[in-house]
Each structure stands twice: as C-alpha cells, then as structure tokens.
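Structure record follows, encoded as structure tokens.
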Amino acid sequence: MQYMLLIYEDESLYQDDSPDLEAVIAAHQALAAELAEQGILRGGDGLKTSDTATTVRKTADGHALHDGPYAEAREQLGGFYQIEVPDLDAALAIAKRIPLLRDGAVEVRPVMEMD
Amino acid sequence: MNTLDQTAREAGGRIVAALATAFRDLDLAEEAYAEACARAAAVWPTAPPLDPAAWLYATARRHALDIIRKRNIRQKLTLDAPEPEPSVEDILVSDARLIPDERLRLIFVCCHPAVAPEARAALTLRLVCGLSVQEIARAFLVAEPAMFQRLTRAKKKIAQAGVSFEVPGPDAWPERLSAVLSTLEVAYARAHEDAAGLGPHAGYGREMLDLTTALADLLPTEPECLAFAALVRFAEARRPARLDAEGAMVPLSEQDPARWNKPLIREGEALLRAAARLNRSGPRQLRAALQGVWCVRRSLAEPPPWSAALALYDLLLAWREDPFVRINRAVVLAQIAGPATALAEIEALDAPRLADFQPFHAVRADLLARLGRRGEALLAYDRALDLAPGPAERLWLIRRRSEL
C-alpha cells in the first residue's frame with residue numbers, strides 16, 4: 001500500500017540556519033536514500049514555509065485566492081514522503097524515524113488505490 | 001440455552017476470527033457469520049447438525065464466498081482457492097477442531113494502536129467475544145447508535161488504512177502487545193463491575209477467561225500476558241462470593257473463601273508462577289499478585305493478608321503514581337495504621353479531579369464513619385450514591401449509610 005507521511009512542524013524553527021537544522025536535513029537525506037535503496041520511496045520533498053502559500057478556494061462565481069496556507073496553525077505542513085510498504089505498521093515505523101527539529105507530528109495517510 | 005446460543009458463545013469468536021483473517025475483511029466476516037446464524041436458527045430445529053460449530057463455520061465461509069462473488073471484486077489478496085460448495089454431508093462430517101484459531105490475529109487487529117482507544121475494547125468484544133452492539137453499548141454506557149457508529153468507524157479505519165492482519169513483528173511488538181493488554185483490561189473492568197454476572201453481559205466474564213487463556217497459550221513467554229490471565233482467574237474465582245443473599249456487594253475481606261472457585265484459583269496461581277519464572281517484572285504481575293494474596297485465604301478465620309497487600313500496593317505505586325491505587329491502598333492502610341492515617345492519605349489526593357470518581361467517595365465515607373464523623377460520612381455516602389454505582393454496590397452503600 002502507498003502512504004503519504006505528512007510532516008507538521010513549527011516552521012519558525014526553520015527560519016535560521018543552525019547546526020541542528022543542518023543535522024535534520026542530513027538525516028532526511030540519509031532516510032530518503034535508505035528508503036530509495038530499499039525500493040520503498042515513491043516521492044517526497046520539503047516545502048517552503050507557509051507564508052509562501054496561496055490557497056485557491058472555489059466559490060459560487062469562480063475562485064477566491066487567499067494569501068496563506070489552508071489552515072492557520074502553529075504547526076504547518078512542511079514536507080512529505082510518499083512510500084510503498086506492505087501495511088500500516090510498516091508505514092508507522094518509518095513515520096517514527098522521520099527527523100524533526102523539535103516537536104512535531106507526522107500524519108500517516110493511505111493513498112487511494114485506483115484499480 | 002439453545003444449541004445455537006451455546007455454539008455461538010463457545011465457537012463464535014473462533015469462527016469470526018478465522019473468517020476475518022482468511023478474507024482480511026471484518027465486515028464480511030461479521031455479515032457471513034450473522035447469515036450462518038440466521039440459517040442455523042431456521043434449519044437446526046428440524047435438522048440438528050452433528051457438529052454445530054463446524055456447521056456454522058462451513059456455512060459462514062460459503063456465504064462469505066458468495067458475497068465476494070456477488071461483489072465481483074477481484075482482489076489481489078491470496079484468498080484460498082474457492083471451494084466447491086459443501087454438501088450437507090460435508091457440513092455434517094466436518095470437525096469444529098479444523099476451524100483455525102486465528103483469534104490472536106483478530107485481537108491484534110481490533111486492538112491496533114491506530115484504532116481509537118474507545119473503540120478497541122468494543123470491537124474486540126463484538127468480533128472476538130460475539131457480544132451484540134446493544135450489550136456493548138450498555139456495558140460502556142453509550143447509546144446504541146453511537147456505539148454502532150464507533151464500531152463502524154473503527155472497521156472502516158482498519159480496512160482503509162491497511163492495518164495488518166498478521167501478528168506484529170518484533171519492532172512493533174511491545175507497543176502492540178501493550179495496546180492489546182490495556183484494551184482487554186478495560187474490557188475486563190466492565191465485566192468485573194457486573195458483580196452479579198446477571199447483567200446484559202452475563203457470561204462476558206467467562207468470555208474473558210477464554211480470551212485470556214487463548215492469549216496466554218499463544219504468548220507463553222510474555223509475563224504480563226500470563227499475569228493478566230491470572231488476574232482474571234482470581235477475580236472470576238471470587239464471583240460466587242461477591243454478593244450476599246440480598247444481592248449487596250460483599251467486600252473482599254468479608255467474602256467466605258469457601259465459596260471461591262478453587263480450581264480457577266489454582267489456574268491463576270500456576271499462571272502467575274509461570275510469569276514470575278520469566279523474570280521480567282511488570283505492573284500486571286503486581287496487580288495479579290494483589291488478587292492472589294487474597295486467594296490463598298482458606299477461611300474467614302484466617303487473618304486477612306493486609307500487610308502483604310500493602311507491600312504490593314507500594315510496589316505498584318513505585319511503578320507509577322495512580323490515584324485509584326492510592327484509594328485502594330487506603331482501604332488496606334486503614335486496617336494496619338488506623339482510619340485516621342488512611343483518611344489523611346485520601347484527603348491528600350487531588351479531590352477536584354476525583355470529584356466524579358465513585359470509589360473515592362465510598363472509601364472516604366467509610367473512613368469518616370469509622371472515625372465517628374457522622375455528618376461528613378453521610379455526605380460522602382450521598383455523593384457516592386449519586387455517582388450511579390452498580391446495583392450490588394448501591395445496596396451495600398445504602399446499608400452502610402443506614403448503619404451510621
């Protein structure tokens with residue numbers, strides 16, 4: 001099954017370069033390389049901060065644009081991995097290995113299967 | 001009890017588990033099993049089966065295959081090759097012992113940590129123990145439609161999120177096992193509260209005995225599993241002595257050990273010894289030992305094991321601070337150090353947090369009564385009674401209150 005691992009963190013922590021930040025990025029690269037090696041990785045990337053986001057909402061007479069992310073929250077979607085593993089346990093095990101700068105959460109969402 | 005009810009009770013969990021794991025589909029297992037039971041109800045009165053469990057299993061399996069064909073789903077799962085439909089003779093000669101015991105796998109599915117905690121116990125009781133949604137709703141004090149929805153949501157999550165039907169591997173094992181055990185503890189606590197065993201989940205204590213036996217047999221090197229099985233035995237062994245002639249609760253120290261179920265106690269003791277031999281201590285072993293120290297008592301003439309119980313409560317608190325353990329410990333402490341010391345312990349607890357916790361008020365009332373503080377004791381009894389205790393405890397509380 002394919003899963004999206006959606007990473008939510010306080011993005012203000014990512015504003016300044018710091019040794020911690022470099023370590024997290026290196027850890028992401030190592031994890032992604034390992035998952036690719038194992039043939040598990042289907043995609044993934046880091047996202048720019050949510051102040052660069054534009055939300056397009058469909059309205060009765062067209063579309064409204066909103067300068068900002070879909071939902072304002074302390075923790076924002078900052079990156080994702082797409083993986084293919086046998087079951088939820090395997091996906092959860094990888095989610096636990098995703099490096100986070102400090103606090104944060106990883107949402108594990110199964111990807112819809114199109115037969 | 002008729003043959004169908006009895007078979008459903010004895011073999012229903014195994015049949016549903018075998019279907020669920022074979023087809024990797026909880027809804028299908030439930031539906032096919034329900035259909036088999038409906039057919040049994042129609043057919044058995046005139047054509048009683050030789051082996052009722054095997055009949056139900058074969059019929060449910062055939063019905064599951066029918067449903068799959070009707071859905072016309074081409075799944076990539078490795079289903080066993082579709083069998084030719086069993087003839088009546090096939091059904092009659094098949095043997096219930098051939099139903100694979102997949103209950104452990106089903107338990108791990110139902111108690112997966114990705115399933116909402118409030119749904120896990122309910123789902124286990126529904127699928128593995130075969131309780132009706134109505135019975136579970138009543139046991140968990142939830143309206144039936146809400147419980148139905150909770151179960152539906154949990155089954156959908158399991159189906160859609162890719163929860164594995166395999167017993168978890170070593171990496172996930174500690175977390176998964178702990179989720180199973182705490183789920184079953186919640187489930188057993190409900191069964192245990194029903195002191196009379198005549199409530200809507202009558203016999204569900206017995207189902208917990210079966211379930212924990214299965215778990216202990218399948219996981220003989222997990223001490224906490226063995227300890228939980230022991231605890232359920234010690235607690236169920238005392239069931240015959242938990243109520244007096246009027247149906248009021250009898251406190252542990254006043255129960256007549258002659259009425260306890262000795263074979264069940266011996267089973268519990270053997271399980272607890274086996275757990276101890278594995279040399280990995282844990283809170284469930286302490287909780288089982290706490291029950292066990294009582295069960296060695298042979299008659300009311302023997303002194304109650306207050307100091308052994310106190311020592312075990314202290315070990316349990318060293319493991320983890322827990323106001324519920326503190327309240328139980330206070331009952332024991334009152335016997336050893338007197339009610340004033342015990343009351344001081346109770347009063348030191350976070351009263352606002354325990355405001356709706358019935359045992360807090362019941363124990364406090366008793367201690368106040370023993371200290372002769374009648375007015376306060378009356379208020380505490382009233383508060384305990386307000387918090388909807390079970391019928392047996394209610395009677396007991398009313399009696400104690402009237403004795404003031």
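Labels below follow one simple rule: chain letters A, B, ... track the order of the sequence lines, proteins then strands, and each chain is numbered from 1.
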How would you list all residue pairs meeting salt bridge (charged side-chain N to carboxylate O under 4.0 Å, His left out) that involve residues 103-132 of chain B, not counting sequence neighbours? B:E30-B:R126, B:D101-B:R103, B:E102-B:R105, B:R105-B:E166
Taking atom OH of A:Y14 as the centre, does the number of heavy atoms from other residues, nucleotides or ligands within less than 6.0 Å exceed 12? yes
For atom CZ of B:R280, decide whether the heavy atoms of other residues, nucleotides or ligands shown that lie under 6.0 angstrom number more than 12. yes
Distance-only check: which donor-acceptor pairs under 3.5 Å involve side-chain atoms of residues 221-232 of chain B, not counting sequence neighbours?
from, atom 1, to, atom 2, distance (Å)
B:E222, OE2, B:W173, NE1, 2.6
B:E224, OE1, B:R284, N, 2.8
B:E224, OE2, B:Q285, N, 3.3
B:E224, OE2, B:Q285, NE2, 3.1

Counting heavy-atom pairs under 4.5 Å to chain A, which of B:A114, B:G169, B:P113, B:S164 comes out on top? B:S164
Which heavy-atom pair separates B:A161 from A:P110 by the least distance, and what is that distance? CA-CG, 3.5 Å
Residues of residues 40-73 of chain A with any heavy atom under 4.5 Å of a heavy atom in chain B: none
Could you name the residues of residues 78-106 of chain A that have a heavy atom within less than 4.5 Å of a heavy atom in chain B? A:D87, A:L88, A:D89, A:L92, A:K96
